[in-house]
There are 2 protein chains.
Amino acid sequence: MARQRPARPMRADARRNYDKILSTARIVFTERGTDASLDEIARRAGVGPGTLYRHFPTREALVDALMQDWTDRVSADADAAIATDLPAREMLSDWFEHFIEHITLHRGAASKIAAAMDDPASPMYRKCQVMADANRRVIDHLEARGELRPSVDPVNVMRLVSGVATVADSSCTDLDVTPMLDVVVDGIVAD
Amino acid sequence: MARQRPARPMRADARRNYDKILSTARIVFTERGTDASLDEIARRAGVGPGTLYRHFPTREALVDALMQDWTDRVSADADAAIATDLPAREMLSDWFEHFIEHITLHRGAASKIAAAMDDPASPMYRKCQVMADANRRVIDHLEARGELRPSVDPVNVMRLVSGVATVADSSCTDLDVTPMLDVVVDGIVAD
DNA sequence: ACCTGAACACCGTTCAAGT
DNA sequence: ACCTGAACACCGTTCAAGT
């Protein structure tokens, strides 16, 4: 496995700008979604556009940096769901809803995550894998308990739930995901 | 119900430009997806940007105009699926796959359709309803045959399948939708 | 009634000049 | 090593002038 390189410490002003950009991006993405103007982020962060570009060469790189917090929480949510030892239906519903809640935190994020999941070239790929692993743990656990249909593929479950998130996210109405998730859950658990 | 207004005939040059823009859009959308530059479409159609804008005030209006063909075909596909009288699983799989094939004809279209489905303000709303009706016919038919789980909502099925289409469409790899559809089908048909 | 194309505002991206 | 901000290319949108 490739090791994480030890990330040479940044110069003080660089570090300050980096953090300022990130916190500003969080605000602007919350206001306008992940397709908000990068120019506006730079302006409100008080840096030149070139500075933003130096730290985050692509929009995805910026989204990726913001995702750091979630992946940890998503991972924790999966383990918490497993720990409850609830029946399969309840466990899956809880897990799926938590997952969707996280990846729809900023408008437009869900579709970017769904796309990055199958794109190793994406800056977000690694974090998608962390989330996919979290999902796999839940599925594997229920699989071991014999409560799932044969040949349920965790990766496809992940894609399907991401699809639900994307639909809910891009809908202008505040869509309730529960009915859609119920169908997915019914399609996964054994009769 | 609101009547279709009888659409006064266009001036000859307007008609010609309208058609030329549409056929060019079809080509450009095929090449670059539904987020392609409108400027390029106007240029290649040999009209000024203002002309494109006059006929199609928004990108969605242009996509909507291109969708005309599909909605008919999608509707026909639904009735054809019903006519086969296959078992529920096969009928649903066939119908879903045909539906997805159509709405992913141009990259980016699936997500626009999924979004328009719950947005009466969208120019594409009516055509989405035609497709939703087609889906409802299939579901209702199987419902009447007693082969579905109780309380399967056609609208949610539609959203779910659109979600699958969106995921497949935005994935850079040529994703096979069958495994995801299998889960959905299992979640719909009675045990 | 419809078209043209210049004009404008906005945005992502690059890069030479600075510290 | 990092930042700045001007410059560029591109795009959607508008509108005055033309037929």
Side-chain angles (χ1 to χ4, degrees), chain A residues 5-25 27-29 31-66 106-109 112 115 121-124, chain B residues 5-25 27-29 31-66 106-109 112 115 121-124:
Chain A
R5 56 181 154 168
R8 286 229 277 92
M10 295 171 100
R11 227 170 62 178
D13 53 347
R15 165 98 267 159
R16 203 170 349 104
N17 282 334
Y18 181 93
D19 291 340
K20 185 71 184 153
I21 291 170
L22 223 49
S23 64
T24 307
I27 296 170
V28 177
F29 280 175
E31 287 174 12
R32 304 201 198 280
T34 51
D35 289 320
S37 157
L38 298 180
D39 228 54
E40 184 182 342
I41 295 174
R43 214 179 326 117
R44 282 169 61 167
V47 303
T51 305
L52 189 152
Y53 211 72
R54 153 171 270 262
H55 287 297
F56 308 100
T58 66
R59 170 178 255 108
E60 287 213 322
L62 184 54
V63 175
D64 179 62
L66 282 182
H106 302 302
R107 215 165 335 115
K112 289 187 177 62
S122 165
M124 296 160 56
Chain B
R5 55 179 156 169
R8 284 228 277 94
M10 295 170 98
R11 227 170 61 178
D13 54 346
R15 166 97 267 159
R16 204 170 347 107
N17 280 334
Y18 182 93
D19 290 339
K20 186 70 186 150
I21 290 170
L22 224 49
S23 63
T24 308
I27 296 170
V28 177
F29 280 174
E31 288 175 12
R32 304 201 198 281
T34 51
D35 289 320
S37 157
L38 298 180
D39 229 53
E40 184 183 344
I41 294 174
R43 216 180 323 118
R44 283 169 59 167
V47 302
T51 304
L52 189 152
Y53 210 72
R54 154 172 268 261
H55 288 296
F56 308 100
T58 65
R59 181 185 297 275
E60 287 212 321
L62 184 53
V63 175
D64 179 62
L66 282 182
H106 302 302
R107 216 168 331 115
K112 289 186 178 63
S122 165
M124 297 160 54

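Small disclaimer: the values here were computed from a predicted structure and weren't measured. Order of the sequence lines sets the chain letters (A, B, ...), proteins ahead of strands, with each chain counted from 1.
- With rounding to whole Å, A:Met10 atom CE is found 11 Å from D:dA1 atom C1'.
- Distances shown here put every side-chain N or O of B:Asn17 at or beyond 4.0 Å from the OP1 or OP2 atom of C:dC2.
- Partners of B:Arg11 according to the side chain to side chain contact (heavy atoms under 4.5 Å, CB included) rule, which considers only residues two or more places apart in sequence or in another chain, are B:Asp13, B:Ala14.
- Distance from the side chain of B:Pro49 is smallest to C:dA6 among D:dC3, C:dA6, D:dC11.
- With distances taken from any side-chain atom of A:Val47 to the nucleotides C:dC3, D:dC3, D:dT4, the minimum falls on D:dT4.
- Looking at residues two or more places apart in sequence or on another chain, you find no salt bridge (Lys or Arg N to Asp or Glu O under 4.0 Å) involving A:Arg54.
- For A:Thr24, the side-chain hydrogen bond (donor to acceptor under 3.5 Å, both in side chains) criterion is met by no residue, not counting sequence neighbours.
- For B:Tyr18, the ring-ring contact (aromatic ring centres under 6.0 Å, His included) partners are B:His55, B:Phe56, not counting sequence neighbours.
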Only pairs under 3.5 Å count here: list side-chain donor-acceptor contacts from residues 40-50 of chain B, not counting sequence neighbours, and write none if there are none.
| residue | atom | partner | partner atom | Å |
| --- | --- | --- | --- | --- |
| B:Glu40 | OE1 | B:Arg32 | NE | 3.0 |
| B:Glu40 | OE2 | B:Arg32 | NE | 3.4 |
| B:Glu40 | OE2 | B:Arg32 | NH2 | 3.4 |
| B:Glu40 | OE2 | B:Arg44 | NH1 | 2.9 |
| B:Arg44 | NH1 | B:Glu31 | OE1 | 3.1 |
| B:Arg44 | NH2 | B:Glu31 | OE2 | 3.1 |

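- Listed by chain and residue number, A:Asp35, A:Leu38, A:Val63, A:Lys112 satisfy the side chain to side chain contact (heavy atoms under 4.5 Å, CB included) test with A:Arg59 (two or more places apart in sequence, or in another chain).
- For A:Thr51, the side-chain hydrogen bond (donor to acceptor under 3.5 Å, both in side chains) criterion is met by no residue, not counting sequence neighbours.
- Under the salt bridge (Lys or Arg N to Asp or Glu O under 4.0 Å) criterion, A:Asp39 pairs with no residue, sequence neighbours left out.
- Looking at residues 31-41 of chain B, you'll see that no heavy atom sits under 4.0 Å from any atom of DNA chain C.
- Counting to the nearest Å, the P atom of C:dT4 and the CZ atom of B:Arg11 are 11 Å from each other.
- Residues A:Leu52 and A:Asn17 fail the side-chain proximity criterion, which asks for heavy atoms closer than 4.5 Å.
- Rounded to whole angstrom, the span from the CZ atom of B:Arg43 across to the C1' atom of D:dG12 amounts to 13 Å.
- Across all their heavy atoms, B:Asp64 and B:Pro123 have their closest contact at OD1-O, 3.3 Å.
- Of the residues in residues 50-59 of chain A, those with a non-hydrogen atom less than 4.0 angstrom from any atom of DNA chain D are A:Gly50, A:Thr51, A:Arg54, A:His55.
- What separates CG of B:Asp13 from C1' of D:dG18 is a distance of 13 Å, to the nearest Å.
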Return one dot-bracket line describing DNA chain C 5' to 3' (Watson-Crick or G-U wobble pairs, both distances under 3.5 Å; ( ) same strand, [ ] crossing, | another strand, . none). ||.|||||...|||||.||

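- The two residues B:Phe29 and B:Leu66 come nearest to each other via the heavy atoms CD1-CD1, 3.3 Å.
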